[in-house]
Amino acid sequence: MSNQPYVRTDMLPEQAPPSTASGPIAWMRDRLFSSIPNAILTIVSAYLIFNVLHEILPWVFKSSWAAGSLSECRIAIKETYGADATGACWAVIRERYLQLLYGFYPPFPGGEANGSVAVDGSMMAYFRVNLTFVLMLVAIAPLLFPSLPRKIIWFSAFFPFLAFWLLWGGSIWPPLMALAGFALGAVAFGIIGKAVNSLAGVIAAIAVPVLWWLLLSSSVADILHSIAPIGILDVASDRFGGFTLSIIIGVTGIALSLPMGILLALGRQSDMMIIKAMCVGFIEFIRGVPLITLLFVASVLLSYFLPPNTSFDLILRVVIMVTIFAAAYMAEVVRGGLAALPTGQYEAADSLGLDYWKATRLITLPQALKISIPGIVSTFIGLFKDTTLVSIIGLLDPIGLTNVIRGDTNWNGIVWELYGFIALIFFLFCFSMSRYSMFLERKLKTGH
């Protein structure tokens, strides 16, 4: 057989696959020109993209960064690129980027704050905002990346109270008393849950902190402040603005709406009629009302239901309304994940003798949350973008600040540069959340 001329006696060396089977050519053939309709759509799309970029890119790059007003900017562009040239006036971003980031947050506070031990006026208050943002990244790191040391989670629980104190300033005792309310709730849950049952423990864990905050926390904070007046300079809520305000509302709403949405989803599937009816009524009512209506309620109507001479911070009211709005949508996303679980998962939990809370915590809820990751992140992204609606009720988020900037005679008439910069920052935040959700889905993918 080996003497036959058509039989090869040695092995051929390995060769790379042809260019038509792998690489960019194969990718284009499979994705862009796989059929005649796809080829036509690819050509039309490329033509449209080329024309859009042909108009936008010269406007973006034929720009001025050093002007002090819109008229100076236009003159500089014509002198540099020709009498008929038009371009972006990015000088407004160079001049007003601090305002777009921090609003009217005071850069150089001075003096004492209600008798507290205050920082002196040479310390930039922007440092407090920047420090809060860095600490926020540290606080959410163990939640996003489980490989990090789990002890950091204790800082994550403490961070909201520290962030409130750093941003608003004042005495340190009110945030600590608010934290004490949660500690009392945890103690009440442990004691009453063991002595009676888990449902009574949950009720006590909710009732005890609420009673503490309504009746005792303010008085105790005043007493402690009179003994040890520790604090930093106050910053009024009307000084907040820009992306600082958007991040405060967005991150707080995201952090609070997820646990609230989970509880509402579990309550909607509960066998207890009253709890189910309350959760269904809350979810359907909130989902049936536009967010802007809830913001108007927070801005105007809520003050009519409060006791006379009660001061309830507007940003706090907005955060509450945004949170409950997002929680209602989050509840339906989580409920969809719970409904997608096979019945065998619930039966397996019952066969192991687990009670409701252990079965939920260990078996059903983790699987439901994994299924719901795309919907959860989509709700988060929508919530963060919806923070721009607060400009309608007078809060100066980045969109609201554009009207303030255009009110300056130097920049009257400038539009697209401001909106383009704001859109870029929002895109970076939302794109980061989207990419993280894809990373999390790949990490948790277990196959079938």
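Side chains included, hydrogens not; waters and symmetry mates left out as well; all remaining heavy atoms used.
- Aromatic rings of Phe240 and Trp168 (six-membered ring for Trp) have centroids within the 6.0 Å cut-off, being under it.
- Phe182 has its ring centre less than 6.0 Å from the ring centre of Trp213.
- Using a cutoff of 4.0 Å between basic side-chain nitrogens and carboxylate oxygens, Lys78 and Asp84 are not scored as salt-bridged.
- Between the side chains of Asn38 and Ser34, at least one donor-acceptor pair of N or O atoms lies under 3.5 Å.
- Closest approach of Pro175 and Phe164 over heavy atoms only: CG-CD2, 3.9 Å.
- Residue pairs that meet the disulfide (SG to SG under 2.5 Å) test with at least one member in residues 45-80, sequence neighbours left out, are Cys73-Cys89.
- Closest heavy-atom contact between Pro160 and Ser156: CD-O, 3.4 Å.
- Closest approach of Thr360 and Pro366 over heavy atoms only: O-CD, 3.5 Å.
- Considering only residues two or more places apart in sequence or on other chains, Glu332 meets the side-chain hydrogen bond (donor to acceptor under 3.5 Å, both in side chains) condition with Arg268, Arg335.
- Nearest approach of Met177 to Ala221, heavy atoms of both residues: CG-CB, 3.8 Å.
- Aromatic ring pairs are classed by plane angle as parallel below 30°, tilted from 30° to 60° and perpendicular above 60°; the pair Phe145 and Phe439 is tilted.
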Determine all donor-acceptor pairs shorter than 3.5 Å in which one atom belongs to a side chain in residues 372-391; sequence neighbours excluded.
residue : atom : partner : partner atom : Å
Ser372  : OG   : Val333  : O            : 3.3
Ser372  : OG   : Ala368  : O            : 2.7
Thr379  : OG1  : Gly375  : O            : 2.9
Thr387  : OG1  : Phe384  : O            : 2.6
Thr388  : OG1  : Lys385  : O            : 2.9
Ser391  : OG   : Thr388  : O            : 3.0

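- Here the side chain of Tyr436 pairs a donor or acceptor atom with the backbone of Leu144 at under 3.5 angstrom.
- The aromatic rings of Tyr419 and Trp416 sit perpendicular to each other, their planes meeting at more than 60°, with 30° as the lower class boundary.
- Taking the six-membered ring where tryptophan is involved, the planes of Phe243 and Phe426 are tilted, since the angle between them lies from 30° to 60°.
- Closest of all the heavy-atom pairs between Asp234 and Gly170 is OD1-CA, 2.7 Å.
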